[in-house]
Amino acid sequence: MIRFTNTLTRTLDPFQPAGDVVTMYVCGITPYDESHIGHAMSYVVFDVVKRYLTWRGYHVKHVQNFTDIDDRIIERANRLNITTDELVARYIAAYTDDMRDLNVLPADVYPRATREVPEMIEMIEGLIKNGFAYEAASELSESSDVYYRVSAKKDYGALSHRTQDSLLAGARVEPGEHKEHPADFALWKGAKAGEPSWDSPWGKGRPGWHIECSAMSLKYLGAQIDIHGGGEDLVFPHHENEIAQTEAYTGQQPFVRLWLHNAWVKMGEEKMSKSLGNFITIRDGLKKVGGDGLRLWILTSHYRKPLTFTEETLDAAKAGVARLRTAARAGGDAGDAGVDLAAYRERFTAAMDDDLNTPQALAVLFDLAKEINRARDEGRGMAQAQGLLLELGEVLGLRLEQPEQSIEAAPFIDLLVQVRDELRAAKQWQLADRVRDSLAALDVVLEDSASGTTWKPA
RNA sequence: GGCGACGUAGCCAAGUGGUAAGGCAGGGGUCUGCAAAACCCCCAUCACCGGUUCGAAUCCGGUCGUCGCCUCCA
């Protein structure tokens, strides 16, 4: 039985989707800058959720949004003197490249806020009609704002385990806003001069942040969905507000059956974040340790625990990948090594069933790798065990069977290796070693074995 | 102030009642022309104090420390 920790209940609950197709909504990025490895953690984690459920026989429909209009996008576009559309297109492309290289499977739909405005307006109108929202004049705009009336929903705060009273303390009202209650939040913002805006019953304006996810999950996945995921920092206020909006609008509860949240990446003792400026981009991480390396680094920690970034841990992940790859690719003799494959399969499944315990699942892969290496050393067949290693690796999104990038110089390296073999046959050790050392300096590692010499990128 | 998380070997990180998975690094071997890889062996009593229990890293209480959310954030 697959179980997950549900943020709403804080308990480990059996996974029970409502229908044949598992509906999963994951909060996507705001494309105004390059994504960092904290984002990578979130998307890799939910990619593994999807891969694992699929491996277990479920069909998953995955929707992930792009928040393509917000303050940061407007600011950044103004600063670069380009349109918000141009800015957004640039960073969606960068994100897409990052995900491809991380081997993150694409979502089924990538809705964008700016293309779903009518749906959001319809929802806001419904909320006003049934008393959960109200229009309010704004001194910052010629148009009105629309706010969600938090006090109208009794269980507001359930996800983040907060009371409405406690929310009063932290809530802030910007100058010029006319909220009934400080904790009320914007569904629609009246347009300020020079901002992109859309026509609405309340004049020109743009949607608030939270309403987009409510509108898009409703449109693409229905009033009630199985899984909603995102980073832990979205629990409040974003996801709390999504629940409030969607449930108030549809009248159906619960909006989400299973809330999943991943913890954050720490830089030393602090959270990695854009605002602190202490981030490593996905692109840089990929250059350093590759897609598998980054994934392994992320998955060696449980998704609900903070993951510490240091250069050393990233290097460790890279070395770990090399180890798994060696076992997966070492020239395999056909046949069964006498390895109890079913036992490994069961251990892996048990670990993953238990709230996606990827650290334990990886331990199973490493144990299996050791068995494969041992079989090879003893001259036993190991092809089946290697097949299992690849299969389980794939569930975690690891591409162990092939180099991630084709190397253009491969034919030349092969040639050098051949020449070196002849030198070795002639016992010209010094020259042979020079070839090896020179290739090493170019990050090509040679390994001699009884069956010949192989090489791999460092 | 409110809510929450965490503190396990040099580093990272599982384990939530029966005497500590895994990875990286390190040490010693085997193999090798040498090296690399691989294999074998070694390397922690779980922040601290007290309690419950036959038995606790794991439950309870306290102390110290660290971090997060409450404002944009994966």
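Just so you know, these numbers come straight off a predicted model, no measurement behind them. A, B, ... follow the sequence lines: proteins, then strands. Residue 1 opens every chain.
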Quick check on [N]: is either OP1 or OP2 less than 4.0 Å from any side-chain nitrogen or oxygen of [X]?
{"X": "A:Asn373", "N": "B:C39", "answer": "yes"}
{"X": "A:Ser301", "N": "B:A14", "answer": "yes"}
{"X": "A:Arg376", "N": "B:A37", "answer": "no"}
{"X": "A:Thr313", "N": "B:A13", "answer": "no"}
{"X": "A:Lys370", "N": "B:C40", "answer": "yes"}
{"X": "A:Lys271", "N": "B:C69", "answer": "yes"}

Taking atom [atom1] in both [N] and [M], compute the distance separating them and give it to the nearest angstrom.
{"N": "B:C48", "M": "B:C72", "atom1": "C1'", "result": "39 Å"}
{"N": "B:A9", "M": "B:G22", "atom1": "C1'", "result": "13 Å"}
{"N": "B:G61", "M": "B:C6", "atom1": "P", "result": "15 Å"}
{"N": "B:A47", "M": "B:U53", "atom1": "C1'", "result": "23 Å"}
{"N": "B:A57", "M": "B:G68", "atom1": "P", "result": "30 Å"}
{"N": "B:A74", "M": "B:G26", "atom1": "P", "result": "38 Å"}
{"N": "B:C11", "M": "B:C54", "atom1": "C1'", "result": "38 Å"}
{"N": "B:C46", "M": "B:U58", "atom1": "C1'", "result": "10 Å"}

Answer with base, sugar-phosphate or nothing: what part of the nucleic acid does [X] contact at a heavy-atom distance below 4.0 Å?
{"X": "A:Pro306", "value": "sugar-phosphate"}
{"X": "A:His36", "value": "base"}
{"X": "A:Gly38", "value": "base"}

On RNA chain B, check which nucleotide each of A:Leu234 and A:Gly320 is closest to and give me the residue with the more 5' one.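 Nearest nucleotide further toward 5': that of A:Gly320.
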Starting at the 5' end of RNA chain B and moving along, which residue's nearest nucleotide shows up first, A:Ser449 or A:Val265?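 Mapping each residue to its closest nucleotide by heavy atoms, the 5'-most match is A:Ser449.
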salt_bridge(A:Asp226, A:Arg257) N-O dist < 4.0 Å: yes
Mind checking whether A:Val45 and A:Val48 have side chains closer than 4.5 Å, heavy atoms only? no
Taking atom types as they are modelled, would you say the side chain of [X] forms a donor-acceptor pair with the base of [N] within the 3.5 Å cutoff?
{"X": "A:Asp233", "N": "B:G68", "answer": "no"}
{"X": "A:Asp448", "N": "B:C34", "answer": "yes"}
{"X": "A:Arg323", "N": "B:C24", "answer": "no"}
{"X": "A:Arg436", "N": "B:A35", "answer": "yes"}

Between A:Trp188 and A:Tyr148 (judged by ring centroids, cut-off 6.0 Å), do the two rings come close enough to count as a pair? no
Is the A:Tyr91-A:Tyr32 ring centre distance short of 6.0 angstrom? no
Ignoring hydrogens and angles, state whether a donor on the side chain of A:Tyr25 or A:Glu242 is under 3.5 Å from an acceptor on the partner side chain.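 Note: A:Tyr25 and A:Glu242 side chains miss the donor-acceptor criterion.
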Cut-off 3.5 Å, side chains only: do A:Tyr95 and A:Asp97 have a donor facing an acceptor? no
Looking only at side-chain atoms of [X], point me to the closest of [options].
{"X": "A:Asn357", "options": "B:A14, B:A74, B:G33", "value": "B:A14"}
{"X": "A:Tyr43", "options": "B:G4, B:C39, B:A74", "value": "B:A74"}
{"X": "A:Asp70", "options": "B:G68, B:A14, B:C72", "value": "B:C72"}
{"X": "A:Val445", "options": "B:A14, B:C39, B:A36", "value": "B:A36"}
{"X": "A:Asn262", "options": "B:C24, B:C67, B:A74", "value": "B:A74"}
{"X": "A:Glu447", "options": "B:A38, B:A74, B:A36", "value": "B:A36"}
{"X": "A:Phe236", "options": "B:C6, B:G33, B:C70", "value": "B:C70"}
{"X": "A:Arg162", "options": "B:C3, B:C69, B:C24", "value": "B:C69"}

Determine if A:Trp264 stacks with B:G68; use a centre-to-centre distance below 5.5 Å and an interplanar angle below 30° as the criteria. no
Would you kindly check if the NZ (Lys) or CZ (Arg) of A:Arg162 is within the cone defined by 45 degrees around the ring axis of A:Phe236 and under 6.0 Å from the six-membered ring centre?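 Yes, A:Arg162 sits over the ring of A:Phe236.
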